[in-house]
Number of protein chains: 2
Amino acid sequence: MTTKVTQGTLLDATDKQILRALDDDPRATIAFLAQSLGLARGTVHARLRKLYGPDGLAAETIKVPPGAVGRPLRAIITAQVEQAQFEELVKDVSEIEEVVECLGVSGNHDLHIEVVAADAEDIYRVTQRLMMCRGVTRTSTMIVLREVIPRRMSQLLR
Amino acid sequence: MTTKVTQGTLLDATDKQILRALDDDPRATIAFLAQSLGLARGTVHARLRKLYGPDGLAAETIKVPPGAVGRPLRAIITAQVEQAQFEELVKDVSEIEEVVECLGVSGNHDLHIEVVAADAEDIYRVTQRLMMCRGVTRTSTMIVLREVIPRRMSQLLR
DNA sequence: CACTTTAGTAGTCATAGTGCTCACTCTAAT
DNA sequence: ATTAGAGTGAGCACTATGACTACTAAAGTG
């Protein structure tokens with residue numbers, strides 16, 4: 001088995017089974033997992049300790065619909081930046097709490113920023129704030145009209 | 001308090017506190033949460049039952065680094081589609097397991113698809129498969145070079 | 001205003017789960 | 001053949017859970 005759960009190592013079939021079951025029911029007990037997966041309780045216990053441990057693959061996160069925190073709108077903002085002051089830029093962008101993710105991508109645009117907001121005006125304000133971040137030269141905003149496939153990971157655990 | 005946790009309702013301060021603590025430590029016990037947040041055990045128990053309950057705001061999901069399941073590369077693919085056969089298209093795209101999310105967006109591109117893959121060749125294969133989905137007329141691929149700000153939600157729980 | 005509803009607190013209880021050991025087995029690698 | 005790593009099943013003391021109680025406080029209704 002390929003079980004060493006450290007950076008760069010893969011999850012084996014048992015890890016995936018456990019994580020999949022946990023995705024179904026995040027607060028399932030160890031005993032329940034063991035029983036429903038046909039494993040010994042100690043085994044699940046040990047796996048979980050590794051998965052959640054210091055250099056494990058921290059395995060869960062909150063999945064709050066942005067609407068539940070007053071920000072039902074989503075937008076994708078792409079931004080072109082001057083490479084010079086990159087670290088300062090990252091700091092500036094990080095401070096915008098509406099920013100949910102920021103990726104550096106290949107292609108015409110340098111940054112790919114995902115944002116949640118209360119309404120259209122709010123998105124406008126966020127865009128303005130982004131324009132004021134050090135190094136940002138241009139932005140382009142796309143509003144998310146529909147979640148065609150909501151974010152999913154469990155299909156990767158097979 | 002604004003506590004009815006149903007669709008369209010907001011999380012109140014207590015819900016947010018609990019979820020934030022849970023984001024830190026997904027497997028924290030109810031007793032621990034109660035103690036560290038200065039609430040009665042029964043209160044946390046009741047809140048959690050609602051949050052995770054049938055019409056609660058299902059609150060956690062697995063957060064597996066795609067590298068841990070053999071797909072260290074990420075890409076954003078934008079696709080233009082013919083509106084006609086939309087439902088069929090969604091079905092086709094859903095069947096591609098490398099697709100992690102698919103959003104309908106405003107602007108020039110109709111779909112905004114996030115993909116994980118084993119390597120560049122794998123991304124190429126996924127792109128080819130997307131092109132073969134009913135209704136897709138054009139795609140454009142951006143490789144994710146760096147996670148400038150990793151996906152984060154907890155800043156919204158304040 | 002009195003009344004009802006809803007949420008929280010602090011306490012109890014029986015049941016169940018946890019984290020930990022141990023001795024044993026199985027498998028793959030040396 | 002021997003060793004190292006993982007899984008098993010069992011047992012242990014300890015803790016957490018879920019469900020209950022009686023009581024309090026705040027908010028909404030007639």
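In what follows, chains are A, B, ... by sequence order, proteins preceding strands, each numbered from 1.
The side chain of A:R47 places no N or O atom within less than 4.0 Å of a non-bridging phosphate oxygen (OP1 or OP2) of D:dA6.
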*Where protein sits on nucleotides 16-27 of chain C, one letter per nucleotide: B base, S sugar-phosphate only, - none, heavy atoms under 4.0 Å*: -SBBB-------
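Comparing C:dA7, D:dA6, D:dG9 against the side chain of A:K50 picks out D:dA6 as the nearest.
Through chains of ILVMFWY side-chain contacts below 4.5 Å, A:V105 is grouped with A:L103, B:I76, B:M142, B:V144. Side-chain contacts under 4.5 Å among hydrophobic residues (ILVMFWY), followed directly or transitively, place A:Y124 with no other residue at all.
End-to-end axis angle of the helix from C:dC1-D:dG30 to C:dT30-D:dA1, using five pairs per end and rounding to 10°, comes to 40°.
Here the rule is side-chain contact (heavy atoms from CB on, under 4.5 Å) with A:I123, and of A:T127, A:V126, A:D119 only A:T127 fits it.
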Identify each donor-acceptor pair in which a side-chain atom of residues 110-118 of chain A lies under 3.5 Å from a protein atom, sequence neighbours left out, and give them as a table.
unit_1: A:D110; atom_1: OD2; unit_2: A:V81; atom_2: N; d: 3.1
unit_1: A:H112; atom_1: NE2; unit_2: B:H112; atom_2: NE2; d: 2.8
unit_1: A:E114; atom_1: OE1; unit_2: B:R151; atom_2: NH2; d: 2.7
unit_1: A:E114; atom_1: OE2; unit_2: A:R74; atom_2: NE; d: 3.2
unit_1: A:E114; atom_1: OE2; unit_2: A:R74; atom_2: NH2; d: 2.5
unit_1: A:E114; atom_1: OE2; unit_2: B:R151; atom_2: NH2; d: 3.3

Per-pair distances, 0.1 Å, donor-acceptor, side chain in residues 130-138 of chain B, under 3.5 Å, sequence neighbours excluded:
unit_1: B:R134; atom_1: NE; unit_2: B:D92; atom_2: OD2; d: 2.9
unit_1: B:R134; atom_1: NH2; unit_2: B:D92; atom_2: OD1; d: 2.8
unit_1: B:T137; atom_1: OG1; unit_2: B:Q80; atom_2: O; d: 3.1
unit_1: B:R138; atom_1: NE; unit_2: B:Q80; atom_2: OE1; d: 3.3

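With sequence neighbours left out, B:N108 forms a side chain to side chain contact (heavy atoms under 4.5 Å, CB included) with no residue at all. Legend: residues meeting side chain to side chain contact (heavy atoms under 4.5 Å, CB included) with A:A28, ordered by chain and number and at least two apart, are A:L22, A:D25, A:F32, A:L33. Remark: A:H45 engages no residue in a ring-ring contact (aromatic ring centres under 6.0 Å, His included) (not counting sequence neighbours).
Across the protein-nucleic acid pair, A:D12 atom CG and C:dA28 atom C1' stand 15 Å apart, rounded to whole Å.
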